[in-house]
Number of protein chains: 2
Amino acid sequence: MPTVSSEELAAAAGVNSAKLRKDFSYLGSYGTRGVGYDVEYLVYQISRELGLTQDWPVVIVGIGNLGAALANYGGFASRGFRVAALIDADPAMAGKPVAGIPVQHTDELESIIRDNGVSIGVIATPAGAAQQVCDRLVAAGVTSILNFAPTVLSVPDGVDVRKVDLSIELQILAFHEQRKAGEEATAGAAAVQAAAREETSTDQGPDGDVPAVMPA
Amino acid sequence: MPTVSSEELAAAAGVNSAKLRKDFSYLGSYGTRGVGYDVEYLVYQISRELGLTQDWPVVIVGIGNLGAALANYGGFASRGFRVAALIDADPAMAGKPVAGIPVQHTDELESIIRDNGVSIGVIATPAGAAQQVCDRLVAAGVTSILNFAPTVLSVPDGVDVRKVDLSIELQILAFHEQRKAGEEATAGAAAVQAAAREETSTDQGPDGDVPAVMPA
DNA sequence: TTGTGTGAACGTTTTCACAGCG
DNA sequence: CGCTGTGAAAACGTTCACACAA
């Protein structure tokens, strides 16, 4: 399939073709009228725009089950992420290979960051250690942090933090599940219909979701 | 702190107080004019609305690093989730306790679902096994699935699927990181400014994020 | 007097619809 | 003729601002 139309892509993505074309238009005019988009060229342009063509060294701090799962996660490499180092506070872990990479002790944190030019750090430590690890990462030059620990981190301006809470997605499912059960009971307001719309959708993603606070 | 104002809550959440009041108003009139919201009452009302007051038995299928991390994750219990069973295809895992719960073999899947009245399943298997596990879960009566495997699952109508891709958040960080670097280079369009706004935000969540396709 | 609850104003995003290019 | 690219219109979500209740 060398070429694809906005209509086909939109159907696959579950959105309106006009939206898709408008979105693409912000990147430039990469389509051909009467034909569609050249798949390979489009993929390249989007990849470049999203930064997938760059090499991003990342460090993972906290090599418990979650840290190990992340280290083993196949999706990283294909998106330009390279696990530069695994760091853990437990001296017993030091030297032990996880996903083929030897774990290093927290003492090395600063030198690892500097030597590898790491600007993105992943925190998978227990909640208690997260802020301290975060501070050290930032001091060593990390400017983007992905936080899996159940704490809100405070960071200086210019540093980005994104917090991932593994239970939030479950909670959204439970919310819909609850609604499936008590359908007919709670009637009417307009807002309820907005929520109900979700249930019919074929979307599988954490986008286009649920309002911050959900109506009755 | 028995009472809290919309202003205080809004500041804590990083939103506008009017939005917060409007959102709350969809749940009912739980505040007191001139005073604010009764904290305990508000927490209860929101919890009930979100389904946190219910008990949700869940099964986790695929007890590798990620499955084990999920089983150990503290955030579930506090939100009404109860891990009813851990299931893995590896016979060597059977009986081994993870997070205090003995792992059961995939053969038991159907009976576990039925005996525990499970309606929510978590898939943490390799990609290759995900669809098959999904089909069995659905056939056994599960109507909501949280999928950590890097595959899009197909399910019949009436079943909700949410896919969690651990690398997406990293990618968003990398996107902003890229932008931090090449700031002045790419100038102008209105859409760029919309993106830039994000960088100043103190938001740490996967909400209020990034358009589906990002402008140059 | 303070702070909620909410119509009305505003800004943004999505969709429509079609001119124009290949 | 088909499908992109895009102004203009419609829909939507957020914020303002104030009447009113405690």
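Throughout, a chain's letter reflects where its sequence line sits, starting with A, and its residues are numbered from 1.
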message: Less than 4.5 Å apart, side chain to side chain, heavy atoms only: is that true for Val155(B) and Cys134(B)?
response: yes
statement: Closest heavy-atom pair, Ser154(B) versus Asp135(B), reported as atoms and distance to 0.1 Å, is O-OD1, 4.2 Å
statement: Taken to the nearest whole Å, CZ/Arg33(A) to P/dC21(C) is 7 Å
message: OP1 or OP2 of dG3(C) versus the side-chain N and O atoms of Ser5(B): is any pair under 4.0 Å?
response: no
- prompt: Of the nucleotides dT14(D), dA17(D), dT15(C), which one has an atom closest to the side chain of Lys19(B)?
  reply: dT14(D)
field: Atom-to-atom span, CG of Leu27(A) to C1' of dG5(D) - whole angstrom
entry: 13 Å
query: Using a cut-off of less than 4.0 Å, is there contact between a side-chain N or O of Thr32(B) and OP1 or OP2 of dA22(D)?
result: no
task: Would you kindly give the CG-to-C1' distance between Asn16(A) and dA17(C), to the nearest whole Å?
output: 12 Å
field: Residue mapping more 5' on DNA chain C - nearest nucleotide basis, Val15(A) or Gly31(B)
entry: Gly31(B)
query: Is there a donor-acceptor pair under 3.5 Å between the side chain of Thr106(B) and the backbone N or O of Ala89(B)?
result: yes
statement: Separation of dT6(C) atom P from Phe24(B) atom CZ, nearest Å, is 14 Å
task: Specify the separation, in whole Å, of atom CZ of Arg21(A) and atom P of dC18(C).
output: 14 Å
message: Just the rounded figure in Å: distance from C1' of dG3(C) to CG of Asp38(B).
response: 15 Å
message: Can you measure Leu20(A) atom CG to dC3(D) atom P for me and round it to whole angstrom units?
response: 15 Å
query: Passes ring pair (Phe, Tyr, Trp, His ring centres under 6.0 Å), Phe24(B) versus Tyr37(B)? Steps please.
result: CA-CA 10 Å; Phe24(B) 280 9; Tyr37(B) 298 89; 5.2 Å; yes
message: Any side-chain N or O of Tyr37(A) below 4.0 angstrom from OP1/OP2 of dG5(D)?
response: yes
- line: Result for 5'-nearest mapping on DNA chain C, choosing between Tyr30(B) and Val35(A), is Tyr30(B)
message: Quiz question: by atom type and distance under 3.5 Å, do the side chains of Ser167(B) and Arg79(A) form a donor-acceptor pair?
response: yes
- request: Round to the nearest Å and state the distance from Lys22(B) atom NZ to dC18(D) atom C1'.
  value: 13 Å
